[in-house]
There are 2 protein chains.
Amino acid sequence: MARRGRRPGDADTRQLILEAARSTFAEVGYQRATIRLIASRAGVDPALVHHYFAGKERLFAAAVHFPFPAAEAVEMIFAEGIDQVGERLVRLFFGVWEREESREALLGQLRRAMVTPGEPIPFAEFITSAMLPRAAPRLPGNNQQLRIELAASHLVGVAVLRYVIRLEPVASTPLERLIEELVPRIQPYFTGELR
Amino acid sequence: MARRGRRPGDADTRQLILEAARSTFAEVGYQRATIRLIASRAGVDPALVHHYFAGKERLFAAAVHFPFPAAEAVEMIFAEGIDQVGERLVRLFFGVWEREESREALLGQLRRAMVTPGEPIPFAEFITSAMLPRAAPRLPGNNQQLRIELAASHLVGVAVLRYVIRLEPVASTPLERLIEELVPRIQPYFTGELR
């Protein structure tokens, strides 16, 4: 931190930007929330937002307590080759949902979308505009985007049953057990071809 | 209808019972909504509820525009043997979600659950208390209930992406195409054994 020459009060500025980012993403969605708009709402120069967060992906990740920006998340998922993508994705997914802060951010956005149909869902946009375009070209075969979304849909459904509806036995099945069952269903979406 | 000796005004009585059922299920959940409670809220004799709906399952199905009571739905799903259960379930599921009335009932309950955690979700209770106990013993192997819920979770997730978030390309992929992709992922939950 010292190398960036932060003065006392930097923590407040950073916090101010994060709060402006959170409300802006929630109101206008990921795509339309520009760094310029967020900076103006926080009452700071856009350069300061870049200084603290180095771009929108990283700012979004920090604002919603997502542990990695999109580019890093995709790298992590593909780091051990296509045959490990299923397990890597499942582990990243539950890593986010099992952390209370990021789970609350996700539930908050899903709640808004449920109550006001048509509402932008920043997380979903973040995934489609920042993660999918990086991930899709790495898959063999056709219909990569549909295949990724179907894989994701299985995970979303487990999240709804486990964290929202709290349906037993899914809600209290140990995480490792769930991962063990889900990986073999999800991996074929990445390596198998859709008809 | 004539054989049941309906008088003019029967349609209103039936409607009165359905409305009382809808609000009672929504408020106290499937389990705690007794025929007696619904009848008293509708201002009719419980025998009249049985006369029109022949039991709680059928009343619930009518109230939420679900096309079949639980027993019939399970029979339908298993009618062509265990190897067809995946496809039958997927088709029944989308049959419900593609009908506007039942989709709205489902979304309404999911919405309530999202906004007020801990809220009873009559549909989920209906499935766990009326459908799962009938379906689980018909599956070979162990952990039948978990396997059924994991199969269901995939479908729930597709419903969230397609009908709530309206994520493309899942939202506008033709239904038959989706069914074709989902059945091979879901069928193993019924015939394969979990480790």
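Lettering of chains follows the sequences in order, A, B, ..., and the numbering in each one begins at 1. Small disclaimer: the values here were computed from a predicted structure and weren't measured.
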TODO: Find the one option among B:Ser153, B:Gly157, B:Ala152, B:Ala124 whose heavy-atom pairs under 4.5 Å with chain A are most numerous.
DONE: B:Ser153

Open item on the list: Parallel, tilted or perpendicular: which one describes the rings of B:Phe123 and B:Phe60, with boundaries at 30° and 60°?
Closed with: perpendicular

Quick one: what part of [X] sits under 4.5 Å from any heavy atom of chain B, side chain, backbone, both or neither?
X: A:Leu107; value: both
X: A:Leu167; value: both
X: A:Glu125; value: neither
X: A:Leu178; value: side chain

Open item on the list: One pair to check against side-chain hydrogen bond (donor to acceptor under 3.5 Å, both in side chains): B:Thr191 and B:Gln187. What are the steps and the verdict?
Closed with: CA-CA 7 Å; B:Thr191 31; B:Gln187 179 60 36; 3.3 Å; yes

Open item on the list: Using a 3.5 Å distance criterion without hydrogens, assess whether the side chain of B:Arg41 forms a donor-acceptor pair with backbone atoms of B:Ala20.
Closed with: no

Open item on the list: Using modelled atom types and a 3.5 Å cut-off, is there a donor and acceptor pairing between side-chain atoms of A:Arg162 and backbone atoms of A:Val170?
Closed with: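 Judged by distance alone, yes, a pair lies under 3.5 Å.
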
TODO: Decide if the gap between the ring center of B:Phe66 and the ring center of B:Phe126 is smaller than 6.0 angstrom.
DONE: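 Yes, the ring of B:Phe66 comes within the 6.0 Å limit of the ring of B:Phe126, centre to centre.
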
